[in-house]
Amino acid sequence: MSRADHMDVAAYALGVLDAQDAERFEEHLATCWACAAELETMVPVVGLLSGIDGEAMAALEQTHTDPALLDRTLVAVRRDRRRTRVRQLLATAAAVVVFGGLSGVAAGMLGDDPAPPQAVPTQAAPSVAPSGEPGNPNDPGVGGEPIEGDQHNATDPGTGVQTTMWLARKEYGTQIAVQLSRLPGPRTCRLVVVRKDATSEVISSWSVPVGGYGTNQNQLPLQLSASTWTPVRDIDKLQVQSVDANGVASTLVTVDDI
């Protein structure tokens, strides 16, 4: 905040700025809480001064040499009071205070260090399969149609992690819906596509909280979706891997019956 902007508070409160300077100061006021606070303290004073007009004061000086001007001056003062300007200042100050309060609430909700986005588990609801039979309540067709694509189930005998994946053929490649349970945390995971030509691609990554997903601490399974340009016919297998702090990956579960 420059000294000139700070000095404009009084000029703005008294309404002596021209339209361009007033607009410039209002833009400054939206981001300067010091000026906003000072303006708020000036509002009562401006209310007391609202009935005083500069020209009228000059006219009062003339009454010392011309007493006949006194009556006309008093009439002019009463007629030219700036009630409208005071109402505008009150509205501006109130808006600044409300805006500041909302900003403080928003800052408190967001915090200084927002947590990184994570995959959010959802409570699966029973869905209806195309045949009309009730769907599996653990399927990720939440509140709507079942997930499209061919279903593949797998359980790793070593880690115990379970997964169901749905692979749908798309013009751009393959859409993959994933459901994971018996997945302990905390850890960082990723989904890897391994192609038949022995190349691979990481198509999604996420963090697992302490309670994990589909565990005794958190019974909700993890549901997420990802896409790859690789056609289904070229996919050899899909792996869910755990990645440690050194970037070393270990396989948690593999779907290879594609």
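Heavy atoms only: backbone and side chains are in, while hydrogens, waters and symmetry mates are out.
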Has the side chain of [X] got a donor or acceptor atom that lies under 3.5 Å from a matching backbone atom of [Y]?
X: Ser204; Y: Leu191; answer: no
X: Asn246; Y: Val248; answer: no
X: Thr254; Y: Asp256; answer: no
X: Asn153; Y: Thr164; answer: no

Is there a continuous path of hydrophobic side-chain contacts, each under 4.5 Å between heavy atoms, that joins [X] to [Y]?
X: Val192; Y: Leu252; result: no
X: Val178; Y: Val243; result: no
X: Val202; Y: Leu167; result: no

Validation row: Val210, Gln217 side chains within 4.5 angstrom (heavy atoms):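 They are not in contact (no side-chain heavy atoms under 4.5 Å apart), so the answer is no.
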Pairwise distance [atom1]([X]) to [atom2]([Y]) - rounded to 0.5 angstrom:
X: Cys32; Y: Glu27; atom1: SG; atom2: CD; value: 14.0 Å
X: Gln241; Y: Arg190; atom1: CD; atom2: CZ; value: 4.5 Å
X: Thr163; Y: Gln179; atom1: OG1; atom2: CD; value: 8.0 Å
X: Tyr213; Y: Asn218; atom1: OH; atom2: CG; value: 7.0 Å
X: Lys170; Y: Ile176; atom1: NZ; atom2: CD1; value: 12.0 Å

For [X] versus [Y], what's the shortest heavy-atom pair and its separation?
X: Glu148; Y: Trp166; value: O-CB, 3.7 Å
X: Ser227; Y: Tyr172; value: OG-OH, 3.4 Å
X: Val255; Y: Ala154; value: CG2-CB, 3.8 Å
X: Leu183; Y: Leu222; value: CD2-CD2, 4.4 Å
X: Val253; Y: Val161; value: CG2-O, 3.6 Å

side-chain contact (heavy atoms from CB on, under 4.5 Å) between Ile258 and Lys196, worked out: CA-CA 11 Å; Ile258 299 173; Lys196 293 179 179 178; over 6 Å; no
Heavy atoms from other residues, nucleotides or ligands near CG of Asp197 exceed 12 (cutoff 6.0 Å):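 Yes, CG of Asp197 has more than 12 neighbouring heavy atoms, counting only those of other groups under 6.0 Å.
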Residues, nucleotides or ligands: over 12 heavy atoms within 6.0 Å of Glu201 CD: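 Count over threshold, so yes.
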Under the side chain to side chain contact (heavy atoms under 4.5 Å, CB included) test, residues paired with Gln162 that sit two or more places apart: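 Partners of Gln162 by the side chain to side chain contact (heavy atoms under 4.5 Å, CB included) criterion, ordered by chain and then number, come out as Thr155, Ser181, Arg182.
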Report all side-chain donor-acceptor pairs from residues 229-238 shorter than 3.5 Å, counting only partners two or more places apart or in another chain.
from   : atom 1 : to     : atom 2 : distance (Å)
Thr230 : OG1    : Arg195 : NE     : 2.8
Thr230 : OG1    : Arg195 : NH2    : 3.4
Thr230 : OG1    : Thr228 : OG1    : 3.2

